[in-house]
Amino acid sequence: MGSITDSSSGPYVIFSKRGQAAVDLGTKRITWDVISDMWHPQTNPDGILSVGMAENTLLHDTLLEYIHDNACFTASLLTYNNGSMGSKALRKSVSHFLNKHFNPFRPVEPNQILMTNGCSSAIEHLSWTFLNPGEAILLNKPYYSTFIVDITLRPEAVVVPVEMGGVDPLSPEAVDEYEKATIEFEERTGKRVRATMLCNPHNPLGRCYPRATVDGLMRLCQSRQMHLISDEIYALSVWKNRVDTDVPFTPFESLLLRDTCDLIDPALVHVLWGMSKDFGANGLRVGAVISQSNPELHIAQKCLSLYSFVSVLSDHITASILQNDAFTDKYIQTNQEKLSLSHEFLAQLLDKHGIEYLHGCNAGFFLWVNLGKKYIELHPEETGQGLGFTDMIFDKLLKGKVYVAHGTDYGSEDPGWFRLVFAHALPWLEEATARIVRAIHEP
């Protein structure tokens, strides 16, 4: 693939190395195939039921009703409006929203915000701007799988997955593992580690980073002059855990909330947020980079942002939503309540079927689930070892028309783990669980 043979001149390559890398990666990514064959009880009963993609469908009707009632489109929305970094109205509404809900130490100003068509574009921009090809970003295991592509595919940067072993990935003790990974990479390659990537609240573990851990990472980044990028796209999807009632939970704290001057140069601190998760609006494609002390980053984006221009219609809709405090306050509260109930429902289903999952989460909308352990209980002839074990279970699930997130793709250090998304209606979760149970029972 990617080359043909000309009898007069020999073989020649159709694609660049980057293009060929995309071909190779594309053959392994089935997400869009799943989306094109999604289950619906009436229109596509034989389709695939997904609890693998991080979509929150719980309040779609509420958001759509608001959009229909408040949309007012003018001819300016058919132009480039205020340019590719986000309209003045959007950046003003985002700064207003962040100042209200993230409690920043310094109020966020509109000119400190870059708007992008989703947070994947935001991450790619930062990777491209901060790293030379071959230089690295630290990412602790387990991690959100698409971070890898965002950071590496087009910027040609490198992800250094930080192995945790038996260390809690969110604990202060984990900071030592980041430093070890940094030293090992730099000594082995002669290249710099330029940044550390956080997802707080964490995807897929569904917990928030304690302050002590974040402080340790800030000190590490300062000592090695690395950027600290905090993806806070689940910031307001923090909810009451009704299952683990005796567990103390870490509250969410945005990096924006902190006075970082004694810990790290503020020019090295960057926060990401967007509409995809807290507002269940992946399709709007609206993300934001908030960098309060690095004006040169924003200057660089004047040319780069052309490639991540938010649709002016999405820009307009988002600005309308985020400036309406009464609507957003109620929406966030209702979303948190529904996430709490959906988590409880899925956890109880898993308990009913004796399927292990990671307890103690209170953020995001996923459970980290050990289907491998249950599969071995049902099929004791299986060892559960080897790289193919998780693949085998994943293939059985897909054959059974249910899609879950593959734990190996998420950097799981143990086989048999998967991420299940519970931000769906209860009948959807019930059907998904039934399909999972049927699939893992089959020999």
Side-chain angles (χ1 to χ4, degrees), residues 2 13 15-26 84-85 112 114-141 143-163 175 177-199 217-231 255 260 264-272 287-309 411:
V13 177
F15 295 142
S16 66
K17 289 181 180 179
R18 294 187 301 272
Q20 189 59 49
V23 171
D24 296 341
L25 184 63
S84 61
M85 297 177 73
Q112 298 167 345
L114 162 70
M115 302 307 304
T116 60
N117 56 2
C119 280
S120 280
S121 293
I123 294 165
E124 185 182 83
H125 278 326
L126 296 183
S127 180
W128 194 94
T129 304
F130 295 151
L131 281 76
N132 294 309
E135 293 182 332
I137 293 182
L138 300 175
L139 185 63
N140 74 307
K141 291 186 172 185
Y143 46 69
Y144 168 52
S145 63
T146 306
F147 278 157
I148 305 295
V149 180
D150 297 343
I151 292 167
T152 66
L153 183 61
R154 294 199 295 188
E156 298 183 331
V158 174
V159 167
V160 176
V162 180
E163 303 277 349
V175 178
E177 307 307 315
Y178 283 85
E179 186 164 26
K180 290 175 189 175
T182 302
I183 293 169
E184 190 280 329
F185 175 83
E186 292 185 345
E187 290 182 347
R188 175 170 51 85
T189 67
K191 302 276 191 178
R192 281 282 310 278
V193 176
R194 293 282 187 180
T196 294
M197 184 87 204
L198 290 185
C199 188
L217 288 170
M218 284 195 278
R219 292 189 187 97
L220 174 63
C221 288
Q222 176 64 21
S223 69
R224 307 187 76 90
Q225 286 298 285
M226 299 189 299
H227 294 272
L228 181 58
I229 303 165
S230 182
D231 183 344
L255 266 184
T260 67
I264 188 173
D265 179 351
L268 297 173
V269 175
H270 318 278
V271 171
L272 310 178
V289 179
I290 305 96
S291 188
Q292 292 187 279
S293 302
N294 198 320
E296 288 190 338
L297 170 63
H298 295 282
I299 293 172
Q301 303 312 313
K302 287 185 177 180
C303 60
L304 297 175
S305 61
L306 176 63
Y307 307 105
S308 61
F309 205 138

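Side chains are part of it too, since the values below use all heavy atoms of this structure and drop only hydrogens, waters and symmetry mates. Note that the structure is predicted; figures quoted are calculated from it, not measured.
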- Query: Which heavy atom of Ile151 sits nearest a heavy atom of Ser127, and at what distance?
  - Reply: O-OG, 2.7 Å

- Note on the structure: Rounded to the nearest 0.5 Å, the NE2 atom of His270 sits from the CD1 atom of Ile123 at a distance of 13.0 Å

- Message: For Thr182 and Val160: C-alpha separation, side-chain torsions, deciding distance, then whether side chain to side chain contact (heavy atoms under 4.5 Å, CB included) applies.
- Response: CA-CA 8 Å; Thr182 302; Val160 176; over 6 Å; no

- What distance separates Glu124 CD from Ser308 OG, expressed to the nearest 0.5 Å? 9.0 Å

- Task: Might you work through the side chain to side chain contact (heavy atoms under 4.5 Å, CB included) test for Asp231 and Phe147, ending with a clear yes or no?
- Result: CA-CA 10 Å; Asp231 183 344; Phe147 278 157; 3.4 Å; yes

- Note on the structure: Output for pair (His298 NE2, Thr129 OG1), nearest 0.5 Å, gives 11.0 Å

- Query: How would you list, by chain and number, every residue that makes a side-chain contact (heavy atoms from CB on, under 4.5 Å) with Thr189, sequence neighbours excluded?
  - Reply: Phe185, Lys191

- Minimum heavy-atom distance between Ser84 and Leu306, given as atom pair plus value: OG-N, 3.7 Å

- Do the rings of His227 and Phe130 sit parallel, tilted or perpendicular, given the 30° and 60° boundaries? parallel

- Validation row: Tyr178, Leu217 side chains within 4.5 angstrom (heavy atoms): yes

- To the nearest 0.5 Å, atom CD1 of Ile148 lies from atom CE of Met197 at 10.5 Å

- Query: Is any NZ, NE, NH1 or NH2 atom of the basic residue among Glu184 and Lys180 found under 4.0 Å from an Asp or Glu carboxylate oxygen of the other?
  - Reply: no

- Heavy-atom neighbours of Arg192 CZ exceed 12 at 6.0 Å: yes

- Message: Just so I know, are the side chains of Leu297 and His125 near enough to count as touching, which here means a heavy-atom distance under 4.5 Å?
- Response: no

- Main-chain N/O of Gln112 paired with Gln292 side-chain donor or acceptor, under 3.5 Å: no

- Task: Would you give the length of the straight line joining atom OG of Ser121 to atom CG of Leu304, rounded to the nearest 0.5 angstrom?
- Result: 11.5 Å

